[in-house]
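The figures here come from the full heavy-atom set of this structure, side chains too, leaving out hydrogens, waters and symmetry mates. Order of the sequence lines fixes the chain letters, A, B, ..., with proteins taken first and strands second; residue numbering starts at 1 for each chain.
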Number of protein chains: 2
Amino acid sequence: MIDHEVQFKKFLQKQGLKLTRNRARILEAAFSVHEHFDAEKLYDLIKADNVSLATVYRTLPLLLEAGLITRTVRIGGRDRFEHILGHPRHAHWLCENCHAVIETDLSALLPAINKEARALKFDIQNISINISGLCWKCKGGANDSQ
Amino acid sequence: MIDHEVQFKKFLQKQGLKLTRNRARILEAAFSVHEHFDAEKLYDLIKADNVSLATVYRTLPLLLEAGLITRTVRIGGRDRFEHILGHPRHAHWLCENCHAVIETDLSALLPAINKEARALKFDIQNISINISGLCWKCKGGANDSQ
DNA sequence: TTTCATTTGAGAATCATTTGCAACAAAGAC
DNA sequence: GTCTTTGTTGCAAATGATTCTCAAATGAAA
């Protein structure tokens, strides 16, 4: 059983829940995508296995609580997520014009964030940094003003 | 006319739009709340003036584009905003347990963010930093595990 | 006060997400 | 094995925030 599957199973057991075939399938799908995904995307990946969209929606919060995925940007009215293991935390730069998403490492920001956390006695579970604006391609063109 | 009203009017004119009584009312409401608010909240504040919820929803994106408000945390499936003028940018620390929202200044992080932006040639319009976890009150109690 | 474009309220329509429910498993207890 | 209990799932229906439609209202300008 893969690393994150073990982690998920442990988490589930602690809540008296089970690691079912469906849940394992969803977890696997989430880790097979190395970019953002939304519920629909996962569903597309596994619907062949007769997993319903409702189950995907039911599983997402579990993965979230288990600390295996994280909620990131919201695009087109849809929540988007990404897996965490082997996917170091990063900031998202979202272009308002072309909707490109650029990712950058958080390491430059982490020291300052952790310092703040200590001061607040806050236990960090998830960090989400989204910066919107115009990417280099769009800052001159498409949008003539601003 | 207040500062941010001037700003809004300018913005609207640039798009061939008008600063109507309703829009001014919504802007005013947005600036009267010194915390996060959602569409419904603004609506409650001004429905006595016969402004419809639809108009609130229609105006929010304008305020956003005009750089007068910013989208922050999403709670209970609702988009939340806050005004910007006189309300320096800050990070949000969201407690998963008691849902408290703590705000901290961004100044410690801005230099690093701006540096990154320069490297990416990215034009920042909006920065949203949300850190979730457990606040000091909840990290020991309520939730026995974790 | 005519004209023409923009706004608006009201309610219907959308669409992601949640839920209710009945049928299904899984894991023990016997 | 066979009960029993408890969690799981697919399906369809419900929910609820947000968006859209459209006809009436308003505003600016001539």
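One can place CZ of B/Arg21 at 11 Å from C1' of D/dG27, the figure rounded to the nearest angstrom. What separates OH of A/Tyr43 from C1' of C/dT17 is a distance of 15 Å, to the nearest Å. Rounding to whole angstrom units, CG of residue A/Leu12 and C1' of C/dA25 are separated by 16 Å. What separates CG of B/Leu62 from P of D/dT18 is a distance of 16 Å, to the nearest Å. In this structure, A/Glu40 atom CD and C/dC15 atom P are separated by 12 Å, rounded to whole Å. In this structure, CG of A/Asp38 is placed 15 Å from P of C/dC15, rounded to the nearest angstrom. Rounded to whole angstrom, the span from the CG atom of B/Asp79 across to the C1' atom of C/dA16 amounts to 13 Å. What separates CG of A/Asn50 from P of C/dC24 is a distance of 14 Å, to the nearest Å.
At the phosphate of C/dA26, neither OP1 nor OP2 sits under 4.0 Å from any side-chain N or O atom of A/Thr20. Applying the 4.0 Å criterion to OP1 and OP2 of D/dG10, one finds that A/Thr55 has a side-chain N or O inside that range. For the pair B/Tyr57 and D/dT18, the criterion of a side-chain N or O lying under 4.0 Å from OP1 or OP2 is met. Phosphate proximity of D/dT26 to B/Asn22: absent, as no side-chain N or O sits under 4.0 Å from OP1 or OP2.
A donor-acceptor pair shorter than 3.5 Å cannot be found between the side chains of A/Glu28 and A/His4. Side-chain contact, A/Glu82 with A/His90: a donor N or O sits under 3.5 Å from an acceptor N or O. Checked by atom type, the side-chain pair A/Thr20/A/Asn22 shows no donor-acceptor distance below 3.5 Å.
Ranking D/dT6, D/dT18, D/dG10 by closeness to the B/Ala39 side chain, first place goes to D/dT18. Of all nucleotides listed (C/dT17, D/dG10, C/dT6), D/dG10 comes nearest to the side chain of A/Val51. Which of C/dA26, D/dT18, C/dT17 sits closest to the side chain of A/Lys18 comes down to C/dA26. The A/Arg74 side chain lies nearest to C/dT17 when the options are D/dA28, C/dA10, C/dT17.
Put simply, the side chain of A/Arg58 and the base of D/dG7 share no donor and acceptor less than 3.5 Å apart.
Judged by closest nucleotide on DNA chain D, A/Val56 is the one of A/Val56 and B/Pro61 placed further toward the 5' end.
Minimum interatomic distance between A/Ala112 and B/Ala108 (heavy atoms only, all atoms of both residues): CB-O, 4.2 Å.
In this structure, B/Asp49 places its CG atom where more than 12 heavy-atom neighbours from other residues, nucleotides or ligands lie under 6.0 Å away.
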